[in-house]
Structures are given as structure tokens and as C-alpha cells.
Amino acid sequence: MLVQPLLAQQASTLPAQTAPASPSVPAPKALQTGEIVPWLYRGSDVPVDDKWLFGEMENGLRYAVRNNGVPPRQVSIRVRIDAGSMHEEDNEQGFAHLLEHLLFRESKYLGPGEAIAAWQRLGATFGSDANAETTPTHTVYKLDIPDANTAKLAESFKLLSGMIRAPVLNDANVDAERPIVLAEKRERGGAGQRMADLTRSTFFAGQRLAMRNPIGTDATLKAARGRSVKAFYDRWYRPENTTIIVAGDADPMVLAGLVEQWFGDWKGTGKPGVAPDFGDPAPPAEAVTAPGGSAPIGELAIGVEPDLPRSLTYAVMRPWRPVNDTIAYNEGLLLDAIAQAIINRRLEARARGGGSYLYAQVQQDDVSRSVDATFVTFAPLNNDWQAALADVRSVIADALVNPPTQEEIDREAAELEVVFANEVEQASVQSGSNLANNLVNAVDIRETVAAPQVVLDVFRGMKARRNPAEVLAHTQKLFEGVVTRAVYVTPQAGEADVAALRLALASEAKVDGSARLAAASISFADLPAVGPPGTITSQKPLGVLEIEQVEFANGVKALLWANDAEPGRVTVRVRFGAGYRAFDAANAVYATIGEAALVGSGLGELGQNELDRLATGRKLGFDFAIDDAVFTLTAQTRSDDVADQLYLFAAKLGMPRWDAEPVIRAKAAAELAYNTYSTSPGGVLNRDLEFLVTGGDQRFATPDPKALEGVTPEGFRKVWEPLLKQGAVEVLVFGEFDKPAVVEQLRKTFGALPPRDPIPDEVAARVPAFAPTPDKPVIVTHRGDANQAAAVVAWPSGGGVASLRESRQLEILTQLFNNRLLDALRERAGASYSPQVFSKWPEDLPSGGRITALAQLEPEFVPLFFAEADRIAKDLAANPPTADELARVTEPLAQLIRRASTGNQFWLYNLEGATSDPRRAALLRTLLADYSQTSPQVMQFLADRYFAKGVPFKLAILPEGQQLAESPARGAASLRLVRPAAAGH
């Protein structure tokens, strides 16, 4: 692992923590050992993953535990209750989710509102390390405990057992939590939610899932009382309905003992619930089977939303049934996956070749133990949705009657084998949280888990079955069912109706095999050289860790860190050019188009289809991003493929291709998406915040249809061709690789590039401005629901490496602010579900940073948000925080850094740019201390500097037709200044 001397050295300088005495943990008695088949594997011939230990107690509670050291000293606990929204009665809709909230409100060992602070004191970040989810079929409580020892684990199990076994369910707590749940429901509302509801009620017509949204309804939530919620709790929160899964850096016998100690004597209260029948999909009596189809056409719907893009989904539905999770069954799933991948590749090829749709995808899915369905989803390019539907169906029709070629099968099989082989290589660094989540999902769908090597062996062992006849048979079964249903969403009323949709689906699909990809072998060995191999001018240690810096005669510099912390995994990042500095008002639209189209435009003689074929059987990436002052190309690859990855990135810079089709598709996608931003305040935030807070800087504007009108492939090339040649290049390669071989490949690729053009001085000098700060908030509007609004307060900060240590301390201040805003707006006012405060500090620019606080809330609460943000800012500047309040921030931050530092990407992120600014490397030595060691006085000083000395920018996003209220909303008077109390008070 990488938490090596550098962080260990820093940790040794921090104040010592007194470790509590380790409590006695009883030995587990309910483990299933020897010849006993573990509960998860009953009825299956899948080999048991013996890294898990399984137990089943007399009260019916089942558990699974395992040792896992990724990240070190973390333990992940999952408590799954086999009850979700489909277990609710009609008058209980939303209770499963409301109950999830209430368990965090108050319980046996935690007083009202104490849970968040309690988990923070244990080093867990609320919302990421301590969280929960409610679905139609289950409720899961998730806890990741950092820096775990036996004492901390015992305390965690104690608190968690109190939450699960003895929550305080009274009217006061329901009344306190109801506004938060309603705020969450409100934030999810709008056009997107209306269409989701329409889709759910159509696809699952006649089934329980059709009318069971986990968030519930306003009426049932407002009618909830402590007694009625407790009735739901008593029926479903019982040991026989509970599964506990624990994976982490601890003795599994201790983990099993803690489960049994805190949950072994649990008994349910009252009469247990009886799981309802979820129902089966069935065709209506009048349904007619289409020519050549096997599933009659049933329920159809047209959704009209003026601000949503067109999309059409149809699905072939089958009843869901529990399965025996056998090897044969999994072989069938793998053949299904190959069949879908072949169709999807053909659909993408048709779209790239000028098809009538922007994208299309086929996906089989088992939904909430209610249906086994094959969904077909696509986005028509214009109002001729019938042509797009016919286009998509013609590709599928060919797959249903004509077997695929063996070359197509082998290609998709090679892609799957890379995934499975990579999982074997990465098995030793798979995180405990992911392992726990995977087992939770397996329990939910009533299947098993298999070790990565087992999956790979099963896949390799079924090679004979990967033939055209079997894949054709599985393709055909994917489109067999009991009913076909569809929903078409359109912005234009009158464009479609149910009768027209039924007619289009009932028409016989034309069989068109023109989208099949011809067999053509492409090899890296056949590709042209980037240029004459370059000359290494310097090769020396960076001075931290064991990182080496290599410089080439053409000016390219590289940082290489070969280590075995993540077996087989390599991260490659290339930094070049000017980033957002490269654009101005005249060409800013091409920044957005470039993020979507630059990679797809190809390189050398290779277009997008050829690049896909070249990547077959390899793990290659091509993520492109525009940052404040630099462009980046990033990939997660394997040790075996790192040389090819370096070639692709260098060739993109040295011999780019300029295919027109990706630009045309990116333009179409931007046009289709633009109006969707107006459907909610969150959408407007995504669209306009960066633009508005920089004072209307066009570089950060989301292009509107008028700006997109002028986009052409020729204009795209004119803008981007010189940018790919401009600015210094830095290559970072971190992971497990052969260093001499990578140095030689760098010499042949990046070292072979021609010398770079300099970034013009006027471009290099550009920094984002900060918006003018008028007396009143800036008002923008959205076209969503009348009860939705958002508000933003932003303060300018700074930027650059010179003050990087201060920016780290500023992160502590930001988290203090975040905790107070969460307490004020969520916990005490119920005005917002998840207010956020965050800091942006551009390291590659000397200025342009800011601190931003934002929240989504009802329009009448916007003045309250502004008042609370002002109050918190002023109080932080006037009064130092308490020691306990500070510890609740610094401990989770320190633990977050310790965990993140076990992976290469953490160090890559903190060292990128070090070849041009060596201070970045030097600043690694104080990183942990900067984020975890401070004082109340430092926080007060920073708050005074950034909050008290400047005037913030304020933004309100309101529904069209509404005006900003003049004063805080009702109940604001109750939000008087409440200073955080010390621990234990």
C-alpha cells in the first residue's frame, strides 16, 4: 500500500490520540462452517467465495463478514432490511424512506439530531461514509468506519444496533423529519420526475411497482404519525428480515462476534409482515401481436414536456422469477451480454454513419423483482420519430433472424475477457465497501457472489458455447415476452399519439444488415510512428516517494512512479495546452463541442470505429477534459496495455484526424439538451452558475441554440488544430509497469512529437473574473415546478500554488460552514434536503478561486438561505469555532486523506504540474497536517479574510413569474444563533 513513509512521517507530527481500551468481544456461535452450505449459496453450484464467512442466528438474522485491507483500517458495515416501498400499504407510501431518515434522527444511544455529529467524531463523513438508501425492494444502512480498532467498531455496532433495533418513533421526530423528506421530494420533482412516473406507471401497469415511488406522496407523508410509522417498522424491521454484511481491515471473527453480540438477542415486535405479491406483467385483453413479434402490444403512453428532448423507450416484458444461481444460468447471462453488445455496437455504428437517431441502446434488466425485461431506448434526431423507430427496429430485426459472425462474437468476448481478467488482477485491491455493496445487491436479487477468478474461469470454460447459433438463440429469447410496452417523450404536443405509436410498433420491421461491422484486423504494429524517437535530456528522481522525472529534447516532461500497490493497474494522464484560457467569446462554443467530439474525431488514419476495433481485447481509455488552465487526457489502463495507451495519446497530439460526424453529433446532442436545463433550478445551476459567478464570461456559458447554429466541422478544426500543438506537455504514468520499457515508449511517442508552439502571452494571462456584487441578488428563472427554487452565495478567494497550504486550511473552514448550514437549513428549518458549501482553488492560475454555498429550496425560503449564509459567515469571522466542532471536520478529513492515499490517483492528482512547478512536490510533505491540524484562531482569521472583507455574489433561481420574497420565510425567527455545543452537552 502507498500510505508509506511520507504520510506516516506527517502523522507522527500530529497530536497523539489516546486509544480507548479494547472491549471484550464474544466468540461467534452461528458461523456456517464445515459441510454446512452457506445461506447465500443454497441451491447453487457456484463455488463459495471462501473469503466470506457466513452466519445465521437463531432469531433468523443472517450475516456475512470478511477481512479486507482496502483501504487500510477501514471497516464497511451494511445493514439490509428486506422491505422497501413495495411493502407499504396504500396509506403508507413513503414510509420506508421516511423511516430510513428517522433512524438517523433519534435512537436508543443517540439523542435527537446527534447521529451526524456522532459519526463525524468517529471519523466518518456524513453523506458518504454514513448513509442509507431505500428502493422498492429493500432499505440499506451504510457505514464506512475509518481508522477502525476494536473499541471504535464496538461503539459503531452499539450505535447502529440502537438505530436499527430501537429508534424513537414519535410524533415529534416525524414532524421534525417530514419537512426534510418533503424537501428531498421537491428537489426530485419537475419534468424529469413526471416522465419517470409516467414511464413507471406504463411499463409496470397492473403491478405494485407502478404506484410505488420510494419517495412517497405529499398526502401520505403529511398524514404520517409516530404510531403509523412504528406500525410499518414493527412489521418489517425484524431479525428474520435483516442481513448484516461487514468487510474491512479487522479480524472476521471479531466482526462476526460483534454482529452476534449486538443483534443476537433481537426479537421482533408484534405480528410480522407478509411479503406482498409484486404481480406479473400481463397484456390487456385487447392487445394484438405484431407481425413477426412474440409479445402483444400493451400499454403505451405519450409524454409531452416542452423542455425535454425526444426519447422513445419500448420494452419486451417477462415475469420475474427466482432462479437457481448455477454456473449454467450464468453462462446464459454471459451469452445474453454478448448478444446485447453486438446489437449495441451495430446501433452505434448506424448512428455514427448518419442514422436518424442520436443514440440507441438495448439492455436486459431485472427490475425490482417484478419484471425481466429487454428495454430499447433511443433519441430521435428530429420530430420524425417513426423513421428513427424503424431505423432502430431494422437493426434489431436483422439480429433476430440472421446469426452474428464469429468475428463479431469473438470481438465482444474479447472485451468481456479483458474486464474479467482485469478484475482478477485487481482482486487484491478491491475495496471493502464495494465488496459489501456487491453482496447486498446479490441478496436483493436472490443470487450469489463469485470470486473474480471463478467468473473468469466460467467465461473461459464456455468458449464452445460462444458460437453464432447459441448467440442467435439468446438474442431471440431477449425479445420474447408476454407484452410490449412503450413511452415516447416529446417536447411538441400533437407530434404523436398512442394510436400512431401502436401502429408504428405493430408494423413489420425491415431486416437491415447494413450496420454490421465488416471483419477487419487492425494492429498497433501496423500504425505509423508518431515521429523519429526523441532524445532524453534528463532522468532524475523527483525528490519525493520514488518518482522519477524524465525530460526530452522537445520539451516534453514526464513523471513516472512504478509501484505494485494496485496490481496490473496503471493511470496515465497527459496535461497540455491552455485549458479554458484558450477560448474567448468568439470561439467559446467550440470548448463545449470539443469535450464531446475531440476524441471521436480520430487520429491518423483511424476514425472512431477503427479506434474501437483497435481497442478490442485491451483496456484503453480516452477521457478528455478542459480544466482552468490545461487540457487533460486521462486513462485507466493495464500494465500490458500502457505502451499502446501512450501511443494513442501522443498520436492524438501529433497526428489528429478531423472527422466531421462526431462534431455533427455533438452539436445535435447540445441542441437537444439545451432546453432541459430550464426544467429545474438544479438544471439552471448546472447551466449558468459558472457563467454568472465569473461575471458573464462567455468561456463558461453553456451554448444556446443560436450559438450552436454556427458550429461546423470546419470551424471545429480551425479552433482545435492549433490548440493541440500549443503549450508544454506533461505525462504522468503511475502504477505497476516496466519503467525502462515505458521510458523507451515515451521516447518513441511523446518524445517524438515536434516542438510545441508557445501559449500566447495574452492567452496565458487570462484568469476568471469574479462577478460584480450588486446590492440585490441576481435573479434568473426556470420553467419547472412552482415550488422549486435555488439560491447561491459565493465569495472570491484565490488561486495558485504559492498559497496552496492556505487553500487546504480553507477546506476545513468550508466544511465548518457546511455543517452549520446543514444544521440550520435541514435539521432545524427543514427548508433544504442537502445544502452544500465547497471551495474551488485553481492551482494552475494565480487567482479565480471562490467559496460557494448553495441550496435548493422553496421560493419563500430563499431569503432565509441568504440570511443564514450571512449569519454563519459573520459568526465564523467574529467567533472561533469550538474544539469539538473543529474535530468533527478535521478527523473525517484526515481519515479521507489516509484512505485516498492508498491509491495512485491521489498522488497523481497532488503531483500533476510538478514538472513545471517543483513547489507542488515539496508541498506534499505538509499535506496531511494542512488538512487535519489547525486552530480555532486560524479558522477565525481565514473567515475574516474571505467572508468579512468582501461582498459576496448572490444568485436566486426562481420559477418563471415569481419574485424574490422581501424577508425570510415563516419560521425563520426560530433560527436564532445557536452556537455549537461542546461534546457531551
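Residues: numbered from 1 along the sequence shown.
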> Which class fits the ring pair Phe375 and Phe203: parallel under 30°, tilted 30 to 60°, perpendicular over 60°?
Replying inline: perpendicular
> Looking only at heavy atoms, what is the nearest atom pair of Leu198 and Val487, with distance?
Replying inline: CD2-CG1, 4.3 Å
> Can you tell me how far NE2 of His101 sits from CD of Glu177, rounded to the nearest 0.5 angstrom?
Replying inline: 6.0 Å
>> Assess the residue pair Arg178 and Asp175 against the criterion (salt bridge (charged side-chain N to carboxylate O under 4.0 Å, His left out)); give the C-alpha distance rounded to whole Å, side-chain angles, the decisive distance to 0.1 Å, and a yes or no.
In response: CA-CA 5 Å; Arg178 182 190 292 108; Asp175 289 344; 3.0 Å; yes
> Do Arg369 and Asp444 pass the salt bridge (charged side-chain N to carboxylate O under 4.0 Å, His left out) test, and can you show the C-alpha distance, the side-chain angles, and the key distance before you say yes or no?
Replying inline: CA-CA 9 Å; Arg369 303 204 304 272; Asp444 187 45; 3.2 Å; yes
> Should Arg200 and Asp197 count as an ion pair when the cut-off is N to O under 4.0 Å?
Replying inline: yes
> Hey, what's the ring geometry for Phe104 with Tyr141, parallel, tilted or perpendicular (30° and 60° as the breaks)?
Replying inline: tilted
>> For a side chain to side chain donor-acceptor pair (under 3.5 Å) check, start with the C-alpha distance between Thr679 and Asp307, then their side-chain angles and the critical distance, and finish with the verdict.
In response: CA-CA 6 Å; Thr679 61; Asp307 291 319; over 6 Å; no
>> So His97 and Ile215, do their side chains get closer than 4.5 Å, heavy atoms only?
In response: yes
>> Among Thr125, Asp823, Leu822, which residue satisfies the side-chain contact (heavy atoms from CB on, under 4.5 Å) criterion with Ile116?
In response: Leu822
> Taking 4.0 angstrom as the limit, do Lys667 and Glu709 come out as a salt bridge?
Replying inline: no
> What closest approach, in Å, do Trp236 and His87 show between heavy atoms, and which atom pair accounts for it?
Replying inline: NE1-O, 3.4 Å
>> Between Val862 and Phe866, is there a side-chain heavy-atom distance shorter than 4.5 Å?
In response: yes
> Quick one: does Ile180's side chain get under 4.5 Å of Tyr833's, heavy atoms only?
Replying inline: yes
> Can you find a pair of side-chain heavy atoms, one from Gln361 and one from Gln340, that are under 4.5 Å apart?
Replying inline: no
> Checking Arg318 side chain against Glu480 main chain: does a donor-acceptor pair fall under 3.5 Å?
Replying inline: yes
>> If I compare all heavy atoms of Glu187 with all of Gln856, which pair ends up nearest, and what's the gap?
In response: OE2-O, 3.0 Å
> Using the ring of each side chain (for Trp, its six-membered ring), is Phe95 parallel, tilted or perpendicular to Phe232, with breaks at 30° and 60°?
Replying inline: perpendicular
> Can you name the nearest heavy-atom pair linking Val489 to Met195, along with the distance?
Replying inline: CG2-SD, 3.8 Å
> Got a salt bridge between Arg687 and Asp704, using NZ or NE/NH1/NH2 to carboxylate O under 4.0 Å?
Replying inline: no
